[in-house]
Amino acid sequence: FLFCITFPTYSFPLKRKQKNIVNRFGLGAFYGFYKLNTNHAINPSPRAAVLFNYKTEFYLDFKKQTSFILGLEYFYHGLSFNSYYFEPDSIKLYDKSFSYRYSLSMHEVSLPLMFKYSFLSDKDALFSPYFSFGYNLRYLLLANNLVTLNGNTLIKENIKLSFKNPLFIN
């Protein structure tokens, strides 16, 4: 389970000649809260997390209150935890020792598609509350997995992660 708290995400409008289109570059830091099955792992600790995004906002009215947003985002996050490690074809003994330290780094790319309604006109206010709804098409890239025992590296590999309940494809 992952729950993130977003620290301020900064968005910088990039100038264009067309007045009804705004390009934005964003950067944000995150802190994740992870819950693990304590029969298999303990001591989860989040790692640094960051989000980069580039979005284009197409205004749908002259007041600049209604818009459609299309973008591209890259999200890097990870966690470390203690768990078991078993060699292939070995006997598995679950003795609650959790001696092995796992370090997992995940990479996501997403394509947000949103409609946005600002309660104040974007051209009249520097800050304005808004409501948005849409869908975010997410894709998990290869994750980096590192398994150590007493500081010695046992496994360093790239692994393919998948969503538990994908909407379309995994």
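Given the structure is predicted, the values throughout are model-derived calculations rather than measurements.
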task = Evaluate the side-chain contact (heavy atoms from CB on, under 4.5 Å) criterion for residues Val50 and Leu27: first the C-alpha distance (whole Å), next the side-chain angles of each, then the deciding distance (0.1 Å), finally the verdict.
result = CA-CA 7 Å; Val50 67; Leu27 171 67; 3.7 Å; yes
request  = Determine, step by step, whether Leu149 and Arg101 satisfy the side-chain contact (heavy atoms from CB on, under 4.5 Å) criterion, reporting the C-alpha distance in whole Å, the side-chain angles of both residues, the deciding distance to 0.1 Å, and the verdict.
outcome  = CA-CA 6 Å; Leu149 175 63; Arg101 186 74 180 161; over 6 Å; no
side-chain contact (heavy atoms from CB on, under 4.5 Å) between Ile42 and Leu36, worked out = CA-CA 7 Å; Ile42 59 170; Leu36 303 175; over 6 Å; no
task = Mind running side-chain hydrogen bond (donor to acceptor under 3.5 Å, both in side chains) on Glu73 and Ser110 for me, showing each step along the way?
result = CA-CA 5 Å; Glu73 297 179 340; Ser110 62; 3.1 Å; yes
task = Determine, stepwise, if the pair Lys55 / Asn23 fulfils side-chain contact (heavy atoms from CB on, under 4.5 Å).
result = CA-CA 6 Å; Lys55 295 179 182 176; Asn23 292 326; over 6 Å; no
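When all heavy atoms of Tyr102 and Asn145 are compared, the pair lying nearest together is CD2-OD1, 3.7 Å. When all heavy atoms are compared, the tightest approach of Leu140 to Glu108 is CD2-CG, 3.3 Å. The minimum heavy-atom distance linking Tyr84 with Tyr100 is given by the pair C-CD1, 4.0 Å. Taking each heavy atom of Leu111 and Gly71 in turn, the nearest pair found is CD1-O, 2.7 Å. Shown here for Ser105 and Arg47, the closest heavy-atom pair between the two residues is OG-NH1, 2.6 Å.
You'll find the ring centres of Phe115 and Tyr117 outside the 6.0 Å limit. Aromatic ring centres of Tyr54 and Phe52 lie farther apart than the 6.0 Å criterion allows.
In this structure, CG on Leu104 lies 8.0 Å from CG on Asn144, to the nearest 0.5 angstrom. Atoms CG and CZ, on Asp95 and Phe98 in that order, are 8.5 Å from each other to the nearest 0.5 Å. We find the CG-CG distance between Leu79 and Asn43 to be 11.5 Å, quoted to the nearest 0.5 Å. Going from atom OG of Ser99 over to atom CG of Asn82 covers 8.0 Å, rounded to the nearest 0.5 Å. Atom NZ of Lys116 sits about 11.5 Å away from atom CG of Leu60, to the nearest 0.5 Å.
Checking side-chain atoms of Gln65 against main-chain N and O of Ser118 turns up a donor-acceptor pair under 3.5 Å. Within the 3.5 Å criterion, the main-chain N or O of Phe81 finds no donor-acceptor partner in the side chain of Tyr34. Under a 3.5 Å cut-off, the side chain of Asp61 and the backbone N or O of Thr66 do form a donor-acceptor pair. Counting only distance, with no hydrogens or angles, the side chain of Ser67 and the backbone of Glu57 share no donor-acceptor pair below 3.5 Å. With hydrogens and angles ignored, the 3.5 Å screen pairs a side-chain donor or acceptor of Ser83 with a backbone N or O of His40.
At most 12 non-hydrogen atoms from other residues, nucleotides or ligands lie less than 6.0 angstrom from CZ of Phe62.
A parallel orientation is assigned to the rings of His77 and Phe75, their planes being inclined by less than 30° (bins at 30° and 60°). A tilted orientation is assigned to the rings of Tyr76 and His107, their planes being inclined by 30° to 60°.
Criterion: ILVMFWY side-chain heavy atoms under 4.5 Å apart, direct or through other members. Under it, Tyr135 and Ile69 are not part of a common hydrophobic cluster. Both Leu113 and Ile21 sit in one connected hydrophobic cluster of ILVMFWY residues. Membership requires side-chain heavy atoms under 4.5 Å apart, directly or through other members. Under the 4.5 Å side-chain heavy-atom criterion for Ile, Leu, Val, Met, Phe, Trp and Tyr, Ile159 and Val147 are members of the same hydrophobic cluster. Under the 4.5 Å side-chain contact rule for hydrophobic residues, Met114 and Tyr59 do not share a cluster. Linking Ile, Leu, Val, Met, Phe, Trp and Tyr residues whenever their side-chain heavy atoms come within less than 4.5 Å leaves Tyr130 and Phe133 in two separate clusters.
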